[in-house]
Amino acid sequence: MHLAPHIHTAELSDADLDAVAGGQAGAGAAFGLGVHAEPGALGVHVEAGALGITAGLGASVPARGVPVDGHLHATLY
C-alpha cells in the first residue's frame, strides 16, 4: 500500500508551456528594460523580441588601487 498521493500529469506543447510560464512564444516585438544600481555597481538589462542583453560595471576603492569589473552578455531566445 502506497501512502504517497497520486498526481495526474499531462503533456504540454511548447507554445502552451510558454503561455503558462511567461515565455517568449509569439511575443513579436516585445521590449523590456531593467536597471539596477547600488554603491559601486550599475547594471542594465534589455530585451527586444528574442534578444536579451545584460551589461554591468562595478568598482571599489580598497587601500591599494581601484579594482574595476565589467561584463556584457547577449542571449538569443
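What you see below is based on every heavy atom in this structure, not just the backbone, and it leaves out hydrogens, waters and symmetry mates. Small disclaimer: the values here were computed from a predicted structure and weren't measured. In this chain, numbering begins with 1 at the start of the sequence shown.
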Original post:
Do His45 and Thr54 have side-chain atoms, one donor and one acceptor, less than 3.5 Å apart?
Top reply: yes
Original post:
Any side-chain heavy atom of Ile53 sitting closer than 4.5 Å to one from Thr75?
Top reply: no
Subject >> Within one Ile-Leu-Val-Met-Phe-Trp-Tyr cluster: Val66 and Leu57, side-chain cutoff 4.5 Å >> reply: yes
Subject >> For Leu42 against Ala37, the heavy-atom pair lying closest together >> reply: CD1-CB, 3.9 Å
Original post:
What closest approach, in Å, do Ala55 and Leu72 show between heavy atoms, and which atom pair accounts for it?
Top reply: CB-CD1, 3.8 Å
